[in-house]
Number of protein chains: 2
Amino acid sequence: MLGEMLIRETTEKDWDQIWPIFRQIVAAGDTYGYDVDIKEDDARSSWMQKPPGGTFVALDDRGHIVGTATVHPNQGGNGSHVANGSYMVSPARAGQGVGRALGEYSIDWARTHGYRAMQFNAVVETNERAVALWMSLGFEILTTVPAAFNHPDLGYVGLHIMHRTL
Amino acid sequence: MLGEMLIRETTEKDWDQIWPIFRQIVAAGDTYGYDVDIKEDDARSSWMQKPPGGTFVALDDRGHIVGTATVHPNQGGNGSHVANGSYMVSPARAGQGVGRALGEYSIDWARTHGYRAMQFNAVVETNERAVALWMSLGFEILTTVPAAFNHPDLGYVGLHIMHRTL
């Protein structure tokens with residue numbers, strides 16, 4: 001699968017293929033702390049990063065966008081050497097290595113662009129696939145903020161804060 | 001000291017007294033992850049919250065603003081029941097109970113407005129006065145993100161993530 005996939009930095013016109021993925025994942029409300037009915041303009045401005053951040057897309061062997069990721073400073077100013085990353089994979093392509101490929105690309109990208117560590121602030125603890133992926137890519141769970149996410153099916157669950165140096 | 005201090009929600013015209021405090025604290029670069037040369041418009045839009053957030057000021061017995069605080073959701077959507085808080089006290093008024101009064105007011109405000117917990121994402125570990133204040137107000141250190149803040153004098157130091165239920 002990895003051999004057939006291209007990861008690259010995004011261009012403005014990619015948004016039309018990113019938005020359906022973003023909308024579907026956010027509307028489910030079980031993995032991200034966005035408003036489930038977020039407006040497209042707000043989604044675009046949140047996801048399409050400018051330097052020192054970046055936004056990436058994964059394309060399948062037919063050139064269709066099947067996943068996307070962003071990297072940007074987790075804090076400003078004197079905290080801006082720690083990157084935050086966010087990842088979305090088309091639910092139809094789950095379990096095919098798209099998230100892993102985006103993870104590896106974004107880690108390399110962040111390191112190359114001078115970030116010294118990467119931190120995730122809100123990995124829903126019941127999102128077991130994501131947690132396992134990040135552990136396998138060198139992240140550790142620093143803590144779990146108790147009851148910080150109101151899961152639509154499971155009620156209040158914890159949010160993992162995950163971290164790795166670069 | 002507390003008896004002489006008024007805490008209230010801010011109005012737009014308070015900004016002219018908030019900005020010198022904000023600018024001085026951020027320019028020092030030792031406690032906040034804002035760009036040390038942040039532009040006034042960016043500072044205002046960051047600090048002056050709209051519902052479901054709030055911004056507060058502390059006034060001394062002559063009606064001068066001596067400190068300010070904000071509360072807003074730490075995450076959006078299904079994470080929006082956890083508040084984030086930020087606090088700034090005029091350096092000339094440090095150690096006089098202004099931060100404590102703002103902390104107590106903001107905790108009560110957040111609880112009254114339906115938040116279930118409060119979380120700080122980035123308390124510089126060398127900011128001992130702040131750490132002690134939050135511990136005394138019921139916060140615990142969930143974790144310390146290693147080397148997440150480049151202190152202008154001390155180099156890379158940790159950022160505490162602090163939390164309490166409401």
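Throughout, a chain's letter reflects where its sequence line sits, starting with A, and its residues are numbered from 1.
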Under a 4.5 Å heavy-atom cut-off, does chain A meet the side chain of B:Ala117, its backbone, both or neither? neither
Mind checking the NE2-OG1 spacing from A:His163 to B:Thr143? Nearest 0.5 Å is all I need. 9.0 Å
Would you mind telling me which of A:Asn150, A:Val26, A:Asp37 has the largest number of heavy-atom pairs within less than 4.5 Å of chain B? A:Asn150
What heavy-atom pair brings A:Pro146 and B:Leu142 nearest, and what distance separates the two atoms? CD-CD1, 4.4 Å
Same cluster for B:Met162 and B:Val145 if Ile/Leu/Val/Met/Phe/Trp/Tyr side chains link at under 4.5 Å? no
Under a single-linkage definition using a 4.5 Å side-chain heavy-atom cutoff for Ile, Leu, Val, Met, Phe, Trp and Tyr, are A:Val82 and A:Ile141 assigned to the same hydrophobic cluster? no
Distance col, row B:Ser80:OG vs A:Asp35:CG, nearest 0.5 angstrom, shows 7.0 Å
Taking the ring centre of each residue, are A:His81 and B:Phe149 less than 6.0 Å apart? no
Gap between atom CG of B:Asn78 and atom OG1 of A:Thr31 - 0.5 Å precision: 9.5 Å
Heavy-atom contacts under 4.5 Å, residues 40-57 of chain A to chain B: none
In one Ile/Leu/Val/Met/Phe/Trp/Tyr side-chain cluster, 4.5 Å: A:Ile18, A:Val36: no
Using the rule that two of Ile, Leu, Val, Met, Phe, Trp, Tyr join whenever any of their side-chain heavy atoms come within less than 4.5 Å, decide whether A:Phe120 and A:Val157 are in one cluster. no
Any side-chain heavy atom of A:Arg116 within less than 4.5 Å of one from B:Tyr156? yes
Under 4.5 Å from any heavy atom of chain A, what part of B:Ile161 do you find: side chain, backbone, both or neither? side chain
Same cluster (ILVMFWY, side-chain, under 4.5 Å), B:Trp15 and B:Tyr34: yes
For residues 124-151 of chain B, which residue pairs pass the salt bridge (Lys or Arg N to Asp or Glu O under 4.0 Å) check, not counting sequence neighbours? none
Which answer fits B:Val124, side chain, backbone, both or neither, if we ask what part of it has an atom under 4.5 Å from a heavy atom of chain A? neither
Would you give the length of the straight line joining atom CG of B:Asn121 to atom CD of A:Gln119, rounded to the nearest 0.5 angstrom? 8.0 Å
